[in-house]
Protein chains: 2
Amino acid sequence: MTPDADNAPTAEMPAVEATAEPEAVRAKSIPEAAVARLAVYLRVLSGLAEQGSTTISSEELSQAAGVNSAKLRKDLSYLGSYGTRGVGYDVQVLVSQIERILGLTRKHKVAVVGIGNLGHALANYGGFPGRGFPVEALFDLDPDLVGVPVGGLPVSHLDEIPKVCAERQISIGVIATPPTAAQSVCDRLVAGGVQCILNFAPVVLQVPAHIEVRKVDLAVELQILSFHVARRADLAANGNGGADGGPGGADNGSVNGHGNGMVVR
Amino acid sequence: MTPDADNAPTAEMPAVEATAEPEAVRAKSIPEAAVARLAVYLRVLSGLAEQGSTTISSEELSQAAGVNSAKLRKDLSYLGSYGTRGVGYDVQVLVSQIERILGLTRKHKVAVVGIGNLGHALANYGGFPGRGFPVEALFDLDPDLVGVPVGGLPVSHLDEIPKVCAERQISIGVIATPPTAAQSVCDRLVAGGVQCILNFAPVVLQVPAHIEVRKVDLAVELQILSFHVARRADLAANGNGGADGGPGGADNGSVNGHGNGMVVR
DNA sequence: GCATGTGAAATGCTTCACAGCC
DNA sequence: GGCTGTGAAGCATTTCACATGC
């Protein structure tokens, strides 16, 4: 995962205060794990909407999203009650509600730092996934790159990070630099006022408490896969006594869960 | 995080039983979340080793890895008892033990499918992170790319996936194609005998139960960050009256705070 | 009848706190 | 005195199972 799912959201906010909320109190504190899945549901639902579906049951949607239906319903219940018993959910309504919860009704400007192979790929992502995340600044250290437009946007120097980020109101910084530069880049992004960082560099960043960091770590992902290969080999080697019946049989229940995550980390 | 985690031996293991295991039973079933962190510790430790450190305490290592020390010790305890009370851990010993558990003592051949921006980045990663994951096959649909060497390896056509993967004993397939092609590529990788898949395409793959899948989903990561920005904005907007004192303050200490500040994220 | 929504149970993960050992 | 290793407590997430309402 999501990988990752580390993160300690804390923030409980028990009863909130007196100020009676006139309406839905929202901020009900929705589990981090559920948030990640909502993003997946959103993509599936958008696809369905384009194909003309208007309603869908939890069973169908859960299949398409690779989770079980109970989990899906629980996740959707965090949004409020937007289904119809005996029928299912209205696709458009779910799309809107998930977008609302995820804060996608507003744009989040992105800066990409480190225009190497990966940075290029990110900068060219065509406005970044699903709209709402326009790339509005690019940075690199290399003098040969500074000034050159990549994906229609000129590259600025690392030193400009704080100034440019502040000016353009960047809210998300993406770090795609070599590991040695990452912490320093991170500090400058924070100085520039970004609120969140998506880190592709294989280092653990130190950040102030109010900055949200997510990391995407290729080496870690591969090593997790390696672990599973090894474990499977172990089991096959000495795990089961005779019987069995070749691979695949193994049984072990494990439903088809599948899943994953994240990244998650 | 990957759910799956089915453990073979079910229950605990209160005492020995029936089929006496001749030796250490290893397969102790280590939590998925811990596996991901072990990979991080490994990187930190490798760095330390290169700088000449020979021992380290749980406190220091946990700081460097961005977790708290209790968690770190618990994680390391899954490896066995390799620390020295009153002293700390031997860096080299930990490195070896983590490598053993993660199955890094053996190579895992990788195939990259989809040689676009991202695929290029991956193919050029210079043998892939930290050794042990050699890229040994590249695939794309584009006739202009087939046959062209990328990072020293010629690109083959998608149709060759099953054959080439089987021949070269590829164990990990990396999908870096557009979403529409991903499921079909996945099926071919499975046909070619790969055991694990790392999926960069924004789709939920359907795979047989014995295949391990991890996904890296840029859109999901950004949307999770968006959620946190939104939540924070919400809190700031109606959470607390004036006072405050800038962002970050909020916190609202979850009551029992409990010392232990801990930097963490 | 059928599918949602949700308390409650089960499972899994993290944190605490301290015994054990150097 | 310091630091590891770990049972037990505390939380978080997932799953169950069924009342609820269309």
Side-chain angles (χ1 to χ4, degrees), chain A residues 1-12 14 28-38 55-63 66-90 93-94 97 253-255 257-262 265, chain B residues 1-7 10-12 14 28-38 55-63 66-90 93-94 97 254-262 264:
Chain A
M1 103 139 40
T2 111
D4 249 49
D6 43 272
N7 199 9
T10 64
E12 261 300 4
K28 207 338 193 350
S29 177
I30 138 169
E32 182 79 11
V35 173
R37 287 189 300 265
L38 284 173
T55 66
I56 191 168
S57 70
S58 64
E59 192 54 52
E60 294 169 294
L61 181 51
S62 69
Q63 293 268 327
V67 303
N68 70 38
S69 61
K71 197 189 297 189
L72 177 119
R73 287 200 302 279
K74 181 72 92 179
D75 288 344
L76 294 185
S77 78
Y78 295 121
L79 307 172
S81 289
Y82 295 103
T84 309
R85 290 166 198 237
V87 180
Y89 299 90
D90 181 281
V93 169
L94 280 191
Q97 292 303 320
S254 105
V255 194
H258 159 293
N260 152 109
M262 325 246 73
R265 83 27 96 71
Chain B
M1 331 227 119
T2 324
D4 208 69
D6 52 291
N7 41 1
T10 59
E12 314 260 11
K28 210 337 196 345
S29 179
I30 138 170
E32 182 79 12
V35 172
R37 287 188 300 264
L38 285 173
T55 65
I56 190 167
S57 70
S58 63
E59 192 55 51
E60 294 168 295
L61 181 51
S62 69
Q63 294 268 329
V67 303
N68 71 38
S69 62
K71 197 189 297 190
L72 178 118
R73 288 200 303 281
K74 182 70 96 178
D75 287 344
L76 293 184
S77 78
Y78 295 121
L79 306 172
S81 288
Y82 296 102
T84 307
R85 288 163 200 242
V87 180
Y89 299 90
D90 181 280
V93 169
L94 279 192
Q97 291 304 322
S254 41
V255 190
N256 74 352
H258 235 4
N260 175 19
M262 222 48 274
V264 191

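None of the values given here were measured: they were computed from a predicted structure. Within every chain, numbering begins at 1; the chains are lettered A, B, ... in the order of the sequence lines, protein sequences first and strands thereafter.
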Measure from [atom1] on [X] to [atom2] on [N] and round the result to the nearest Å.
| X | N | atom1 | atom2 | result |
| --- | --- | --- | --- | --- |
| A:Leu72 | C:dG5 | CG | P | 10 Å |
| A:Leu79 | C:dT6 | CG | P | 11 Å |
| A:Lys71 | D:dA12 | NZ | P | 18 Å |
| A:Tyr78 | C:dG7 | OH | P | 11 Å |
| B:Asn68 | C:dC16 | CG | P | 7 Å |
| B:Tyr82 | D:dT6 | OH | C1' | 17 Å |
| A:Arg85 | D:dA19 | CZ | P | 12 Å |
| A:Leu76 | D:dT13 | CG | P | 17 Å |

Q: Please report how far the helix from C:dG1-D:dC22 to C:dC22-D:dG1 bends, comparing the axis fitted to its first five pairs with the axis fitted to its last five, to the nearest 10 degrees.
A: 0°
**Q.** Residue met sooner reading DNA chain D from 5', once A:Gly86 and A:Arg37 are mapped to nucleotides
**A.**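 Looking at DNA chain D, the more 5' nearest nucleotide goes with A:Arg37.
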Q: Give the nucleotide from the list D:dT13, D:dT6, C:dT14 with an atom nearest to the side chain of A:Glu32.
A: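 For A:Glu32, the side-chain atoms sit closest to D:dT13.
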Q: Please tell me which of the listed nucleotides, C:dT6, D:dT13, D:dC22, lies nearest to the side chain of A:Ser81?
A: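 Of C:dT6, D:dT13, D:dC22, C:dT6 is nearest to the side chain of A:Ser81.
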**Q.** OP1 or OP2 of C:dT4 under 4.0 Å from side-chain N/O of A:Ser58
**A.** yes
Q. Pick from A:Arg73, A:Lys71, A:Lys74: which one makes a side chain to side chain donor-acceptor pair (under 3.5 Å) with A:Ser58?
A.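 Among A:Arg73, A:Lys71, A:Lys74, the one that satisfies the side chain to side chain donor-acceptor pair (under 3.5 Å) with A:Ser58 is A:Arg73.
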(Q) With rounding to the nearest 0.5 angstrom, report the CZ to OH distance, A:Arg37 to A:Tyr78. (A)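 These two atoms lie 8.0 Å from each other.
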Q. How far does CD of A:Glu60 sit from OG of A:Ser69, to the nearest 0.5 angstrom?
A. 11.5 Å
Q: Map A:Lys74 and A:Gly88 onto DNA chain C by nearest heavy atom, then report which one ends up closer to the 5' terminus.
A: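 Mapping each residue to its closest nucleotide by heavy atoms, the 5'-most match is A:Gly88.
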Any [X] side-chain heavy atom under 4.5 Å of [Y] side chain:
| X | Y | answer |
| --- | --- | --- |
| B:Leu61 | B:Leu94 | yes |
| B:Leu76 | B:Leu38 | yes |
| A:Val67 | A:Ser62 | yes |

**Q.** Under-3.5 Å donor-acceptor pair between A:Arg73 side chain and C:dT4 base
**A.** no
Would you give me the side-chain donor-acceptor pairs under 3.5 Å for residues 82-90 of chain B, sequence neighbours excluded?
residue, atom, partner, partner atom, Å
B:Tyr82, OH, B:Gln97, OE1, 3.2
B:Asp90, OD1, B:Gln92, N, 3.0
B:Asp90, OD1, B:Val93, N, 2.9

